Amino acid sequence: MTTSMSATRKLPEVTLAFWIMKIAATTLGETAGDLFAQTLGLGYFLTTIALFLAFVATLVVQLRASGHNPFCYWTVILSTSMAGTTMSDFMNRDASAAYLSGGATALGWGPQGLGLGYPAGAAILVSILLAIFLGWKLSGTTFRIRDIVTFRAEALFWAAILVSNTLGTSMGDFLSDSSGLGYLGGAMLVTGVLAVLAALLKAPAVPNVLLFWAAFVLTRPLGATFGDFLTKPVAKGGLDLGTAGSSAVLLAVLFGLMAYAHTRERRSGGGVQAGSAPADSNLQRWTGRDTTSPAGSGSSGSSSS
């Protein structure tokens with residue numbers, strides 16, 4: 001029996017509840033990131049530094065945890081979503097009036113963006129993400145989510161999460177601001193693509209690892225476009241609910257979902273071993289395939305379960 005088979009797992013099972021919580025966390029990441037950078041006027045530079053440090057702090061807690069804790073895990077996901085929001089904005093935008101709201105002439109202290117634009121920013125992020133995956137594969141560690149138990153594997157996982165959330169923000173902003181689809185139209189487009197990915201779960205030729213990460217990246221622009229739809233002015237196609245109010249409601253929803261996940265974790269025994277069969281995998285029953293991990297049966301470095 002390998003180490004990954006006998007160690008306590010650190011990451012959650014990938015079920016329908018996982019994706020619901022992911023969308024809630026990414027939507028909150030969008031509204032909260034905009035709350036700090038734009039509504040409170042801290043600007044992209046200072047907010048990016050602060051939220052990246054918050055990500056590091058939450059990641060340290062997660063890496064030091066002895067097993068899977070939904071509160072720890074989803075707090076890191078939320079911190080990557082918030083940091084990814086302002087990191088993407090800092091890369092793609094600048095201090096021009098197009099990115100200022102409410103008649104403001106400046107946004108916070110320090111440089112307010114590199115002005116790379118969405119295509120160049122996305123190309124850089126895709127390259128970084130592919131480099132992480134290449135390093136991950138060359139390291140020989142598993143891609144199976146439920147079998148990730150070593151420090152190196154989990155560090156690679158979280159590096160990919162941070163970059164994928166930043167990339168997803170760029171995609172969401174492009175759909176909302178530059179594609180002509182608007183906030184709701186962009187959200188509907190991403191939802192349609194996610195539905196296609198879900199249908200591809202029935203296609204044995206398509207690797208689960210590819211479907212998982214494609215879906216993981218795309219849930220970020222879904223959260224970004226939906227978050228903008230909630231907070232932007234009616235004149236721009238939003239509901240104008242405000243970043244503070246929307247963030248408070250979304251935080252309450254996410255906290256409730258985390259409490260529910262924590263309760264289920266305790267009822268199922270909590271210390272489930274890596275590589276063991278999930279107690280309740282709805283997606284596996286629906287598709288008849290191993291969808292509880294991104295790599296399925298063909299992942300690198302994992303042993304058969």
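Because the structure is predicted, anything quoted here is derived from the model rather than measured.
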- Message: Are there over 12 heavy-atom neighbours, none belonging to Phe226, within less than 6.0 Å of that residue's CZ?
- Response: no
- Task: Please name all residues satisfying side chain to side chain contact (heavy atoms under 4.5 Å, CB included) with Ile128, sequence neighbours left out, ordered by chain then number.
- Result: Ile124, Ile132, Val163
- Query: When clusters are formed by joining ILVMFWY residues with side-chain heavy atoms under 4.5 Å apart, either directly or through shared neighbours, do Leu254 and Tyr260 land in the same one?
  - Reply: no
- Message: I need the Thr191 OG1 to Leu184 CG distance, nearest 0.5 Å.
- Response: 9.0 Å
- Query: Could you give the distance from CZ (Arg64) to SG (Cys72), rounded to the nearest 0.5 Å?
  - Reply: 11.5 Å
- Message: Please tell me whether Phe90 and Val56 are part of a single hydrophobic cluster in this structure, the criterion being side-chain heavy atoms less than 4.5 Å apart.
- Response: yes
- Hey, does Lys22 have a side-chain heavy atom less than 4.5 Å from the side chain of Thr26? yes
- Message: Treating Arg220 as the side-chain partner and Gly172 as the backbone partner, does any N or O pair qualify as donor plus acceptor under 3.5 Å?
- Response: no
- Verdict with reasoning, Thr142 to Asp147, per side chain to side chain donor-acceptor pair (under 3.5 Å): CA-CA 7 Å; Thr142 180; Asp147 290 346; 4.8 Å; no
- Query: So if you build clusters from Ile, Leu, Val, Met, Phe, Trp, Tyr with side-chain heavy-atom gaps below 4.5 Å, do Leu16 and Val196 land together?
  - Reply: yes
- Aromatic centroids of Phe255 and Phe71 separated by under 6.0 Å: yes
- Do the non-hydrogen side-chain atoms of Arg152 and Ser139 ever get within less than 4.5 Å of each other? yes
- Message: Nearest 0.5 angstrom please: Arg93 CZ to Tyr118 OH, how far?
- Response: 4.0 Å
- Task: Describe, in one word, how the ring planes of Tyr73 and His68 are oriented to each other, choosing from parallel (under 30°), tilted (30 to 60°) and perpendicular (over 60°).
- Result: perpendicular
- Task: State, with a plain yes or no, whether a side-chain heavy atom of Val190 is found less than 4.5 Å away from one of Met171.
- Result: no
- Query: Is the side chain of Thr85 donor-acceptor paired with the backbone N or O of Ser81 at a distance under 3.5 Å, no angle test?
  - Reply: yes
- Query: Does atom CZ of Phe133 have more than 12 heavy-atom neighbours, drawn from other residues, nucleotides or ligands, at distances under 6.0 Å?
  - Reply: yes
- Query: Measuring from Leu78:CG to Leu28:CG, what's the distance to the nearest 0.5 Å?
  - Reply: 5.0 Å
- Query: How far apart are the C-alpha atoms of Met87 and Tyr44, what are their side-chain angles, what is the distance that settles it, and do they pass the side chain to side chain contact (heavy atoms under 4.5 Å, CB included) test?
  - Reply: CA-CA 7 Å; Met87 287 169 62; Tyr44 300 130; over 6 Å; no
- Common cluster, Leu156/Phe151, ILVMFWY with side-chain heavy-atom separation under 4.5 Å: yes
- Query: Could you walk me through whether Ser79 and Thr58 pass the side chain to side chain donor-acceptor pair (under 3.5 Å) check?
  - Reply: CA-CA 7 Å; Ser79 68; Thr58 59; 3.0 Å; yes
- Query: Between Asp34 and Lys232, is a side chain to side chain contact (heavy atoms under 4.5 Å, CB included) present by the stated rule, with each step listed?
  - Reply: CA-CA 10 Å; Asp34 288 345; Lys232 299 303 181 182; 4.1 Å; yes
- Take Phe36 and Thr86 through the side chain to side chain contact (heavy atoms under 4.5 Å, CB included) test and state the conclusion after the steps. CA-CA 9 Å; Phe36 291 117; Thr86 55; over 6 Å; no
- Do Phe143 and Leu134 sit in the same hydrophobic cluster, where Ile, Leu, Val, Met, Phe, Trp and Tyr count as joined when their side-chain heavy atoms come under 4.5 Å apart? no
- Task: Give me the ring orientation class for Trp136 and Trp213: parallel if the planes are under 30° apart, tilted from 30 to 60°, perpendicular past 60°.
- Result: perpendicular
- Candidate pair Thr243 and Thr231, rule side chain to side chain donor-acceptor pair (under 3.5 Å), full reasoning: CA-CA 6 Å; Thr243 54; Thr231 60; over 6 Å; no
- Note on the structure: One should read off an interatomic distance between Met21 CE and Ile23 CD1, to the nearest 0.5 angstrom, of 12.0 Å
- Item | Heavy-atom check, side chain of Asn92 versus side chain of Asp173, under 4.5 Å | no
- Reported CG-to-CG distance for the pair Leu46 and Leu51, which is rounded to 0.5 angstrom: 10.5 Å
- Could you walk me through whether Thr47 and Gln38 pass the side chain to side chain contact (heavy atoms under 4.5 Å, CB included) test, one step at a time? CA-CA 9 Å; Thr47 305; Gln38 299 177 20; over 6 Å; no
